[in-house]
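Beneath this line is the structure, given in structure tokens, with notes to follow.
Reminder, nothing fancy here: chain letters follow the sequence lines and each chain counts from 1.
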Amino acid sequence: MMVANDLVELSLRDGEVEVNLRRPNPNSNDTPILHAVHAPAHAYGDLPISPEAKLPGEVVGVEFQEIHSPMVGTFYASPDPDSPTFVQVGSNVGPSTVVCVLEAMKVFSEIKAETSGTVERILVRDGEAVEYGQPLFLIRPH
Amino acid sequence: MMVANDLVELSLRDGEVEVNLRRPNPNSNDTPILHAVHAPAHAYGDLPISPEAKLPGEVVGVEFQEIHSPMVGTFYASPDPDSPTFVQVGSNVGPSTVVCVLEAMKVFSEIKAETSGTVERILVRDGEAVEYGQPLFLIRPH
Amino acid sequence: MFRRILIANRGEIALRIIRACRELNVEAVCVFSEEDRGAEYLDLADRAICIGGPAPRDSYLKSDRLIAAAEVCGADAIHPGYGFLAENAQFAEKCRACNIEFIGPSVEAMQLLGDKANARALAKRIKVPTVPGSDGILEDDNETIRIADRVGFPVIIKAAAGGGGRGMRIVHDKTDLLATVKQAKQEADGAFNSRDVYIERYIDRPRHVEVQVIADTHGSVVHLFERDCTLQRRYQKLVEESPSPAIDARTRADLCACAVKICKAAKYFSAGTVEFLVDAKGRYYFIEVNTRIQVEHPVTEMTTGLDLIKTQIRVAAGKKLDFDQKSVKPRGHAIECRVNAEDPDEKFRPCAGVITKFRPPGGLGVRVDTYGHDGCRISPRYDSLLAKVIVHQPTRPEAIRCMQRCLDEFIIKPVKTTLPLLRRIMAHPDFVEATIDTGFVERTF
Amino acid sequence: MFRRILIANRGEIALRIIRACRELNVEAVCVFSEEDRGAEYLDLADRAICIGGPAPRDSYLKSDRLIAAAEVCGADAIHPGYGFLAENAQFAEKCRACNIEFIGPSVEAMQLLGDKANARALAKRIKVPTVPGSDGILEDDNETIRIADRVGFPVIIKAAAGGGGRGMRIVHDKTDLLATVKQAKQEADGAFNSRDVYIERYIDRPRHVEVQVIADTHGSVVHLFERDCTLQRRYQKLVEESPSPAIDARTRADLCACAVKICKAAKYFSAGTVEFLVDAKGRYYFIEVNTRIQVEHPVTEMTTGLDLIKTQIRVAAGKKLDFDQKSVKPRGHAIECRVNAEDPDEKFRPCAGVITKFRPPGGLGVRVDTYGHDGCRISPRYDSLLAKVIVHQPTRPEAIRCMQRCLDEFIIKPVKTTLPLLRRIMAHPDFVEATIDTGFVERTF
């Protein structure tokens, strides 16, 4: 997990290209509601995968990979409200596939998958606030 | 151990006959020195026998019985300085054998063995201060 | 000054006294029962001596063993704390007969003030208001009517042998008087094997206000202002504060002056508390004197900055008070909450067991007097007081808010405590607005 | 008042700010790094937000993440604590540009006073004494001689790019002056890649005395008297106390007046500290202003009874100070000891690990600000400060005795701490007699 994080960190530090994808109607005065940020922060500990991320009826032995948030901000699944989402459950992604954008301080940053596989689950809702290290997507590796 | 203590307690409460065995030369103004009273108090816990009471080279399997002090006071091994000690290592004792006297507030109380056996070891020195429940003698049961 | 003090108590007050001894450079020897063997607070004493079995009557109440322990370790004084033998004049007398100073008042003052009737007579003699009443057992019906008329209705009939709220009957009207006295006598006979009853004015919805006094053996008597202990449950104090939010400056001055007068008349020295009831109209009545340090003494320590235990020890060693009445300047507002190991949902049944997680609150103006810690064992054999949370803030509203914060912060697991009740009390408008009386908890929770 | 404050810090100061927020009924949101995940003090916040990896540059120093966290949780203010970004004017500017109040002084005041040369120039302009010196880089030999003569020997040569005691040379005599300056320039070139050096009067065996100031945005500036922080080790304060045992009433009044003058001149608001050196003859010299709350602020809280963090928050929300200079009446003597997780026997190497047993001291006049508890993990990545023990007693001898008692009582296992060193300091006659200077610890232990 540390390796995965470091990769995300590195890629960010190298390529924190701030894309000014300003959303047409961002409700900019509303502070997004922070869903369940406190609770998972304490539920975590040193587990390699969060309990929340475990799917009911999950096949034992399959090791999912998580895409973590490399920053604090607001999660958007699509580049703007009128466009389709970057990915959906079942989408195939590669390391450079953009999976979402995160907004912080009015700046939108594209987040790449950094891994290959199929999107198994999207763990946050559109417009939800996320903290650093929070799992965003569950990827079933190829 | 609790049963043994209760017996001692009861016998005291019934028969705390205060024997005025005033010692001829008791150095009455000197407060006796309290030897190692603090340390064993903390070393004890719930052990059935104090670690101190374990003899080096002790035969495994023999369960010694302890005669505990039923009060706080000063231990004297003999009725007065010129007399022989009540018992010594190797003496046989029965329940009503007087094994020592304890002095508290200028009053001397005879302490009885309350058990039968052979004195294996005397755990306190003549003139030493003892606290409640402190082991005084180690008895090898018959 | 003493060389070595024997502490004849346990738990938080033993720890409190150990700390005072250390700061005075006096050796502290603490006694313990077999039940308290291994308690961590004993590690802070210079020595600890086991004096008997778990039951208080086999250890902490066994005066001979306590004195023997003092002799054996060479202690020149005994601090009794509160409870156990703290107000036992015979014990104080025995200690002093054995040349061991009893840290408390003289035997004579204990005897005089320890007897409620004597204390009341003394107060009346020096014109300190007492609750109007029969001053003795009711003999015949004519006398009963005459006294009740003088005292004024409502009156309360109390069994002479009763106590703690038992054997009491309120009479609101003259027509019910004689019948009620008759009933009360029958009940007293049944319950206490004595038909003796007496009569007093019934103080409706009173507040309990007490004055802390400290005096030396050289005749100097200083009051340290009052504590309001109105918040009780079945005559057990739960919350204490200072200053009282319910009395005005004039009543405060009167109460404090009365307290000093009583102590001077009794030639009192050491720490003591003079208790009063204050009715809704601000009238006050002396009720009794506690001739010991009290559980709630930290409230006064916080407002005055004076260490009552250290002062009590110094005074017992014959020293003069190093302050006078003028130099005592209370500051801000202090509140104490008693956290007892009791289950408020189960009729306040004492809870015992091992505490696995203990996180007392902290911060500016916060003091927690406790023997608790992770792994601490709570015995069911002794008083259930586990911790006293005391806060000190510039004003009463700030003190209440700080206490709320502290009670929220305090974690004790898994032993049940009075914390949830205390939280509800601190949030209750009647407490916040200081309109409560001594019956508040029973009526409200 | 603010509705929600983001706390951009960790450990004991984060906990201190959480408590202040709770008492003000303001929601507290605390950030944390992955290293601090699960720390118990975070449970006391209303929310906690992970902002980055363990290294400070990846979390607590990452201003964009902090502001994003404030935006995401809807905080209307950020409290920076001390260290990290607390004195970073750019961060304060960014916060305010994002409509988030930075709890601290204005950006202008931070810039003016944060630059030592500017602050010194300001002090000189308003006639506050500064250490006599060259007021700039030494250019040629004639100038050097002229300045040294004016300043008076001994003088100290300092590298402009140096700091923390590095790159300094003392010159006792004119004959050595030019040669030493030449050496100093060569050394500065090698060490800091800059030949710039300047000259100052060498203050022999100075004491470090600082004045706490609090000011609102309405022009009211109040000093809260001084703290003596002479007891340092390599420029790190270990023990602080108030009042200073080494200055007289007149010097105290002068220092406090100078501090207020500087803050007024800089249009300062919020909490700030004005630092001075005091030499053996009682002459004092302004050295710098700390534009933040300081580690040792509790010392002043204990003597004045004022809550500096709550006041700082109120002032940041635009409120007026609810006290004035006349109403600030310090009482008694307070001492703070910093308990660091460092091994005094191993060159003060920071120690990390899990604390298995943590028993802070308690009692009257004792406060322990700490995030420690049984099972607490100490990270090697951050400041080693684990606990601050603060005592408040009527007099300095009583405060020292109380601190000795507290240090003896404090148990921390198995992580090594500075407790043994602090115990030796509190027992050292030079500390007790207040004859120390800032070099005491290095010379003595």
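- Using a 4.5 Å cut-off on side-chain heavy atoms (C-beta onward), D:Lys357 and C:Glu40 make contact.
- Residue C:Arg22 touches chain D through both its backbone and its side chain, counting heavy-atom pairs closer than 4.5 Å.
- Of the residues considered (C:Lys329, C:Glu301, C:Arg359), C:Arg359 shows the highest number of contacts with chain D, using heavy-atom pairs under 4.5 Å.
- Taking CZ from D:Arg16 and CG from C:Leu364, the interatomic distance works out to 6.0 Å, rounded to the nearest 0.5 Å.
- Annotation for D:Pro394 and C:Gly305: closest pair CG-O, 4.0 Å, computed over non-hydrogen atoms.
- Of the charged side-chain nitrogens involved, at least one lies within less than 4.0 Å of a carboxylate oxygen, so that C:Arg19 and D:Glu409 count as a salt-bridged pair.
- At a 4.5 Å heavy-atom cutoff, D:Ile390 makes no contact with chain C through either its backbone or its side chain.
- Each of C:Arg401, C:Arg405, C:Gln404 was scored for a side-chain hydrogen bond (donor to acceptor under 3.5 Å, both in side chains) with D:Asn25, with one residue passing: C:Arg401.
- Neither the backbone nor the side chain of D:Pro298 comes within less than 4.5 Å of any heavy atom of chain C.
- Between chain C and the residues D:Pro361, D:Cys402, D:Gly365, the largest count of heavy-atom pairs under 4.5 Å involves D:Cys402.
- Distance check: D:Glu398 CD to C:Glu23 CD gives 8.5 Å after rounding to the nearest 0.5 Å.
- The distance from the NZ atom of D:Lys310 to the CD atom of C:Gln393 is 4.5 Å, given to the nearest 0.5 Å.
- Counting heavy-atom pairs closer than 4.5 Å to chain C, the top-ranked of the candidates D:Thr304, D:Asp369, D:Ile411 is D:Thr304.
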